[in-house]
There are 2 protein chains.
Amino acid sequence: MNLRVVLTPGELRPGEVAGACVFVIDILRATTTMCAALHHGAKAIIPVTGIDEAREVAARFEGEGEGEGERPMLAGERGADPVPGFDLGNSPGEMTAAAVAGRLLVMTTTNGTRALRAVAQAASVHPLAAVNFSAAVQRARSVRQDGGRVVVVCAGMVGQPSREDAYCAGRFGRDVVGSAGGAGLSDQTRWCLDLAEEFGDDWYAALMASTAGRKLSEHGYAEDVRVAG
Amino acid sequence: MNLRVVLTPGELRPGEVAGACVFVIDILRATTTMCAALHHGAKAIIPVTGIDEAREVAARFEGEGEGEGERPMLAGERGADPVPGFDLGNSPGEMTAAAVAGRLLVMTTTNGTRALRAVAQAASVHPLAAVNFSAAVQRARSVRQDGGRVVVVCAGMVGQPSREDAYCAGRFGRDVVGSAGGAGLSDQTRWCLDLAEEFGDDWYAALMASTAGRKLSEHGYAEDVRVAG
């Protein structure tokens, strides 16, 4: 499969995303939540690493817009739960049009926003999840047809590869490239494709078979797993 | 599976190997080669990261032994091939009794010796490969029965998880713990166990299905893959 897949941001080689079209996967839940926010009219999302940094960045944009509606909103989680004092957590269900339309979001999550920050040198960066899967596949195909490079970066979980992101990467790679074959597959890409084969088109089964899916469900966020799949 | 498996040294949490009994896997080929050297009478192996460091460490031990036979030997590889000027490469077949019996080896390889250096805080460190598998399983069981902690650290390939090491870790975990079950399995451990199930007891098939196995075979080291499996 002639497509580079990286299982954690730590595995990125220096400079390898420069000039590339990058798809970042943290399907449970950051990239699913981001897609929901953008779909419901959020103007933009600024990913930041820390909570203090989120407040600083939001303050920098304070008053730059026209009226109260332009104030940046703080969104994110720590340990899956919303950050005290923030406007929004990291649940796709929170990202309604009433909440986010026309607003700028400053967002920090444990894994997803770190991955987004790690690819800041890319030519373009897209969140990837089930909810925007077909559109993302089309975009990646089009970039490749125009001679561009596509890199898929999984967020993983606290620096370690995670199954739900790898499954999404495997499906994505298969659909973008149009074939799951190739003798030169890396061991990581092979894992992704094996997972895509194991769970087929069943997003929900794949998500529930992951550590993140299990933990979110136990922690009161079962609906988020359902929405993500 | 109540046993910690780490797919690359970069995934180690700070301090987590301190006081633990650690098994390091770089089955193609560093830990297989180390087992061969120790089996054929090498006195000890000092893993170092760089080529210059290897020469410095060897010079430090020069003349400390009794006679010429006590001079440290330099061993290792870069890009799979022996390092120019070194006494030995990284092939298990080179580690004959005639070459290494009674000798101290200073060794540097691309992945394996880095993994060994990353676990220097462990209570004890063992190379793990197919060639010492049964003895290693017994040792790990005994440590756990005495209340000790066992951590398995895969070397991976240039900072990325590798299939042949993960397969070895999966077989090891299954045999040490005595069961492959458990709802709380991490996604990485599950990958290892899936590989152990996929390839069963067929070391050679698992090794040849990995990037490292394929590359070594293409690069003139097919016999090393056979010996390792």
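Every chain is numbered from 1, with letters handed out A, B, ... down the list of sequences. Because the structure is predicted, anything quoted here is derived from the model rather than measured.
- Sparse packing is recorded around CD of Gln138(B), with 12 or fewer heavy atoms of other residues, nucleotides or ligands lying under 6.0 Å away.
- Interatomic distance, CG of Leu185(B) versus CZ of Arg214(A), reported as 7.5 Å (0.5 Å rounding).
- Applying the 6.0 Å contact sphere to CD of Gln121(B) captures no more than 12 heavy atoms from other residues, nucleotides or ligands.
- Judged by distance alone, the side chain of Asp187(B) and the main-chain N or O of Thr211(A) form a donor-acceptor pair under 3.5 Å.
- Atom CD of Glu197(A) has 12 or fewer neighbouring heavy atoms from other residues, nucleotides or ligands inside a 6.0 Å radius.
- In terms of heavy-atom proximity, Gln188(A) sits nearest to Pro161(B) at OE1-O, 3.4 Å.
- With a 6.0 Å radius and a threshold of 12 heavy atoms from other residues, nucleotides or ligands, His39(B) has its NE2 atom at or below the threshold.
- Here the closest non-hydrogen pair linking Arg4(B) and Gln160(A) is NH2-NE2, 3.1 Å.
- Taking CZ of Arg163(B) as the reference point, atom CG of Asp194(A) lies at 5.5 Å (rounded to 0.5 Å).
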